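Can you keep this structure in mind? I'll have questions shortly.
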Amino acid sequence: MTPVLKILMVGDLFGKTGRELFARHIDAVREQYAIDATIVNGENSADGKGITPDIAAFFKKHNVAVVTTGNHVWDKKDIIPYMSESDFVLRPANYPDKCPGSGMTFFICKGYKVAVINVMGRLFMPVQLDCPVKKAQTLVEEAREQTPIILVDMHAETTYEKICLAYVLDGKVSAVVGTHTHVQTADAQILPEGTAYLTDLGMGGSLNSMIGATKEPLLHKFLTQMPVKHSPATDAPYVLSGAVITIAADTGKSLAIETVYIVDTEPLF
Ligand SMILES: [Fe+2]
Ligand SMILES: [Fe+2]
């Protein structure tokens, strides 16, 4: 029988709410889906903006294999020296080469090497990076010299960029999943050549919010176009969402992708 790997990929965990929600549910999710490894997007895990070394340690303690990020990666300055020394937290690979950190890493899962690549889209994003497609293609070629099991987090605003990258990489990677919009999409599928795809994993955070943040300041900003400070919403109900990808370990092709969308009404705080 073909050995399979079951990888859980979780969307942007938003602030303490997202972290506590992850801690509350992760063991049950792992058991329910027989998960072999977990990858989370942590770009919002420190009060909605960025990630710190302590939070990286929190994810390690909870047996996360790799943390991906996005446009908020540099928001907490403490992570910059950390990322120069560790590739546990990735930054989008298509940032300029001078940036600290790495956009690709490997880990071992049930004896198989797994590559994780993080890239970021350019449409409607606050920073303009190198071409994510070219960068991903280069890294995928590099990774495939070591393993056919490759997971890509494409952190982008538009469906267009995410699905385009997925079709470019179809058959060459195990999965392309999107992050950044914090809203899970309903298009989980296996593309023709065996790559699992989902436009967005969603998030971990309060549903009584605007993509994880308190509503009032963001509504004020929307109505006045003035800058505001916002913070993670803390009240129930919450959502923790992501996807489980089942991969044939010998070929790296995906056999299935199933979304996870847990709504929790029990207050965390
Ligand atoms: Fe995010
Ligand atoms: Fe983002």
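The model shown is predicted, which means the values in this text are computed figures rather than measured ones. One-based numbering, in listed order, for ligands and for the atoms of each.
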Exercise for review: Kindly compute the distance separating CD1 (Ile51) from CE (Met83), expressed to the nearest 0.5 Å.
Suggested key: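 One gets 8.5 Å once the value is rounded to the nearest 0.5 Å.
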
Practice item. For the residue pair Glu85 and Pro53, establish whether any side-chain heavy-atom pair is separated by less than 4.5 Å. Key: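 In short, these two side chains do not touch, never coming nearer than 4.5 Å.
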
Review point. Nearest heavy-atom pair of Asp97 and Arg91: which atoms, and what distance?
Key: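 Between these two residues, the closest heavy atoms are O-NH2, 4.2 Å.
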
**Study point:** Lys135 and Asp130 ion-paired at < 4.0 Å
**Key:**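 No salt bridge links Lys135 with Asp130.
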
Point to revise | Interatomic distance, Thr259 atom OG1 to Met9 atom CE [nearest 0.5 angstrom] | key: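 The OG1 atom of Thr259 sits 14.5 Å away from the CE atom of Met9.
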
**Study point:** Residue pair His155 / Asn71, side-chain donor-acceptor N/O under 3.5 Å
**Key:**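 There is such a pair between these side chains.
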
**Study point:** Residue and atom names of protein N/O/S atoms that fall under 2.8 Å from the Fe ion (ligand 1)
**Key:**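 Checking every protein N, O and S atom gives Asp12 OD2, Glu43 OE2, Asn44 OD1, His182 NE2.
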
